[in-house]
Amino acid sequence: MRWSIVLVAVLTLVIGCVDRTPDSPWRELPLPQPGARILAFAPTPGGVLALGSIPAADVRAPAAWSTTDGTHWTAVPVHPETPYGARAELISAGTGDHTVVLGRAFGGAHSNPRMSIWSGDAHGLTEHEQAFEMFGGPHAVAVSAAAALGGADLLVGDWDGPTGRYGAAYWISADGANWQRHADDPALSSAPGEQTGAAAVGTGPRGFAIVGETLRDSIIRPWEWTSPDGGRWQRLELPGANALASGIGCATTCTVFGQSVGADPHVLCWPTPDAGALPGPAARNVEVQQVVPTPSRMLALIALDHRVSLVSVSSNCTDWQQFSLPAPADSARMTTLPAGLLVAGTDAQHTRLWLRTR
């Protein structure tokens, strides 16, 4: 398989690094801190941020670390400002002029998600307290993912809009602290007779790109929305029906991943917005978790029957290659480093960290 990342023949690890099977491309690495859960990565000018949580009494506490190689870690100070922020896990991030981070805890009478918003860089992350109904309350459905481009920070999810119809929504900020919700944008919100949903967001040559779906006439159709600045959106219907668009990765162009819906679910890949989807692996349950572009390949972490695999395709969604992770994981996140591909696999108990060097 052609990797676009720089490979190393030998990597010397500190004591406590784990095992590597002879001839295996995977090398297990120590976690940045005992008990750490890594749930997101974010690139920075000097390396990568790993985001997640650490144990704290009978709950979790937000945590972040920076690295350049996946073996040497520096703890990033985090500064919560609210009770839910102090017990949040950091689950998504985007990097523009600064890094914006989405946190999540659970609480209240119904243990609903309690979202928190953070911003900063490798030197520290600070929570910004928000009005309760900015991201929660009786009209909240979901806040799913973060992205940033230049001075614009973006969050995407779903909201019970002013028309009373659930639909895709976005939140935008110029500083990571002060946010505006848009639940009635004519391109994203649900029109009469349909229900839209936003699943993931990325950044690319056309600016921001959100992927999701619309349910109309009892048929689910995949959609992509693009905006040069996070304020003006264009809706693009992807070819196909009874399919979801649920992940996107952008290099010189954007590639969309998703899954078919029906009796025989399988992974789908759209190389361009006007090209038909090409099918990949099949399973009873398919969940696209992350898409990462490289110059020559598109990489995706996909849960097939609740076990995550690494999938690699060419830029035109052909030449499918599938690789099992070294150990079962319910969810996983990845990022590229000069030494290889860094993958964090997480189950209900803990995270394990691997570097793939070919």
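Note: hydrogens, waters and symmetry copies are ignored here, and every other heavy atom, side chains too, is used. Note that this is a predicted model, so its numbers are computed, not measured.
- Applying the ring-ring contact (aromatic ring centres under 6.0 Å, His included) test to every pair with at least one member in residues 275-296, sequence neighbours left out, gives no pairs at all.
- The residues E127 and R87 are annotated as not salt-bridged, no charged nitrogen and carboxylate oxygen being separated by less than 4.0 angstrom.
- W73 places no side-chain N or O within 3.5 Å of a backbone atom of S66 that could act as its donor or acceptor partner.
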Checking R37 against H350 for the side chain to side chain contact (heavy atoms under 4.5 Å, CB included) test, could you report, in this order, the C-alpha distance in whole Å, the side-chain angles of both residues, the deciding distance, and whether it holds? CA-CA 6 Å; R37 281 166 52 94; H350 61 280; 5.8 Å; no
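- Q130 contributes a side-chain N or O that, together with a main-chain N or O of H128, makes up a donor-acceptor pair within less than 3.5 Å.
- In this structure the side chain of F208 never reaches within 4.5 angstrom of the side chain of T226, judged on heavy atoms.
- Between V343 and L355, every side-chain heavy-atom pair lies at or beyond the 4.5 Å cut-off.
- By the 4.5 Å heavy-atom criterion applied to side chains, N242 and I219 are counted as neighbours.
- Every side-chain contact (heavy atoms from CB on, under 4.5 Å) that A327 has, sequence neighbours left out, goes to R352, W354.
- Interatomic distance, C254 SG to I248 CD1, rounded to the nearest 0.5 Å: 4.5 Å.
- Side chains of T196 and E213: a donor-acceptor N/O pair is absent below 3.5 angstrom, by distance only.
- Under the rule for a side chain to side chain donor-acceptor pair (under 3.5 Å), the partners of T351 that lie at least two apart in sequence or sit in another chain are T346.
- Proximity of a side-chain donor or acceptor of D158 to a complementary backbone N or O of V141 within less than 3.5 Å is not detected.
- For the pair S190 (side chain) and Y166 (backbone), a donor-acceptor distance under 3.5 Å is present.
- Summarising the geometry, atom CE belonging to M298 is positioned 10.5 Å from atom CG belonging to N316; distances are rounded to the nearest 0.5 Å.
- Side chain of T336 to main chain of L341: no donor-acceptor pair is present (N/O by atom type, distance under 3.5 Å, no hydrogens or angles).
- Contact between P62 and V78 at its shortest, heavy atoms only, is O-CG2, 3.4 Å.
- Atom CG of L310 is separated from atom CD1 of I302 by 9.0 Å, given to the nearest 0.5 angstrom.
- Residues meeting the salt bridge (Lys or Arg N to Asp or Glu O under 4.0 Å) test with R221, sequence neighbours left out: E237.
- Side-chain atoms of W65 and Q33 form a donor-acceptor pair, as typed in the model, at a separation below 3.5 Å.
- Here the straight-line distance linking atom OG of S92 with atom CD of Q290 works out to 9.5 Å at 0.5 Å rounding.
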Determine, step by step, whether H72 and D69 satisfy the side-chain hydrogen bond (donor to acceptor under 3.5 Å, both in side chains) criterion, reporting the C-alpha distance in whole Å, the side-chain angles of both residues, the deciding distance to 0.1 Å, and the verdict. CA-CA 6 Å; H72 301 89; D69 59 10; 2.7 Å; yes
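- W26 and M334 fall within a single hydrophobic cluster, where Ile, Leu, Val, Met, Phe, Trp and Tyr are joined by side-chain heavy atoms under 4.5 Å apart, directly or via other members.
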Step-by-step side-chain hydrogen bond (donor to acceptor under 3.5 Å, both in side chains) determination, S53 to E89: CA-CA 5 Å; S53 67; E89 292 192 292; 2.6 Å; yes
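- Under a 4.0 Å N-O distance rule, the pair R297/D319 qualifies as a salt bridge.
- Within a 6.0 Å radius of CZ in R114, other residues, nucleotides and ligands contribute more than 12 heavy atoms.
- Checked options L29, L342, L337; the residue passing with T71 is L29 (criterion: side-chain contact (heavy atoms from CB on, under 4.5 Å)).
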When you look at W118 and S116, which way does the side-chain hydrogen bond (donor to acceptor under 3.5 Å, both in side chains) test go after all the steps? CA-CA 7 Å; W118 310 65; S116 55; 2.9 Å; yes
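- The closest side-chain heavy-atom distance from L102 to R104 is not below 4.5 Å.
- Here the side chain of T335 pairs no donor or acceptor atom with the backbone of F41 at under 3.5 angstrom.
- Here the CD1-CD1 distance, from I38 to I54, works out to 12.0 Å after rounding to the nearest 0.5 Å.
- Note on I91: it clusters hydrophobically with W179, by side-chain heavy-atom contacts below 4.5 Å among ILVMFWY residues.
- In this structure, W223 contributes its side chain and L236 its backbone to no donor-acceptor pair below 3.5 Å.
- Partner of F135 under the ring pair (Phe, Tyr, Trp, His ring centres under 6.0 Å) criterion, out of W159, Y170, W171, Y84: W171 alone.
- Checked for salt-bridge contact, E224 and R206 meet the test: a charged N lies under 4.0 Å from a carboxylate O.
- Under 3.5 Å, the side chains of E194 and T214 contain a donor-acceptor pair of N or O atoms.
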Checking V256 against L238 for the side chain to side chain contact (heavy atoms under 4.5 Å, CB included) test, could you report, in this order, the C-alpha distance in whole Å, the side-chain angles of both residues, the deciding distance, and whether it holds? CA-CA 9 Å; V256 176; L238 301 176; 4.0 Å; yes
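- Listed by first then second residue, pairs satisfying side chain to side chain donor-acceptor pair (under 3.5 Å) with a partner in residues 134-143 read H139-D160, not counting sequence neighbours.
- Scanning for side chain to side chain donor-acceptor pair (under 3.5 Å) contacts around N112 gives an empty result, with sequence neighbours left out.
- Contact annotation: the side chain of L125 approaches that of L90 to within less than 4.5 Å [non-hydrogen atoms, C-beta and beyond].
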Can you list the steps and then say if C269 with T255 is a side chain to side chain contact (heavy atoms under 4.5 Å, CB included)? CA-CA 7 Å; C269 180; T255 301; 3.5 Å; yes
Going through the checks in order, is the side chain to side chain contact (heavy atoms under 4.5 Å, CB included) test met by V311 and F323? CA-CA 6 Å; V311 172; F323 307 92; over 6 Å; no
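- Put simply, L39 and M115 are part of the same group of oily side chains (I, L, V, M, F, W, Y) that touch within less than 4.5 Å, one to the next.
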Between D175 and H98, is the side-chain hydrogen bond (donor to acceptor under 3.5 Å, both in side chains) condition met? List the steps. CA-CA 9 Å; D175 58 9; H98 56 248; over 6 Å; no
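- The shortest side-chain heavy-atom distance between L304 and V286 falls under the 4.5 Å cut-off.
- When atom types are taken as modelled, the side chain of S173 and the backbone of N178 share a donor-acceptor pair closer than 3.5 angstrom.
- The backbone N or O of G247 sits nowhere less than 3.5 Å from a side-chain atom of Q289 that would complete a donor-acceptor pair.
- Side-chain heavy atoms closer than 4.5 Å link hydrophobic residues (I, L, V, M, F, W, Y) into clusters, and following such links, possibly through other members, connects L188 to L154.
- Looking at heavy atoms from C-beta onward, W320 lies in side-chain contact with P281 at the 4.5 angstrom threshold.
- With rounding to the nearest 0.5 Å, the separation of CD1 in I117 from OG1 in T126 is 13.5 Å.
- S119 has its side chain out of reach of D153: every pair of non-hydrogen atoms, C-beta onward, lies at least 4.5 Å apart.
- By the criterion of side-chain heavy atoms lying less than 4.5 angstrom apart, applied directly or through intervening Ile, Leu, Val, Met, Phe, Trp or Tyr residues, V211 is not grouped with W233; the two fall into different hydrophobic clusters.
- Side-chain N or O atoms of S314 include one that pairs as donor or acceptor with a backbone N or O of T318 at under 3.5 Å.
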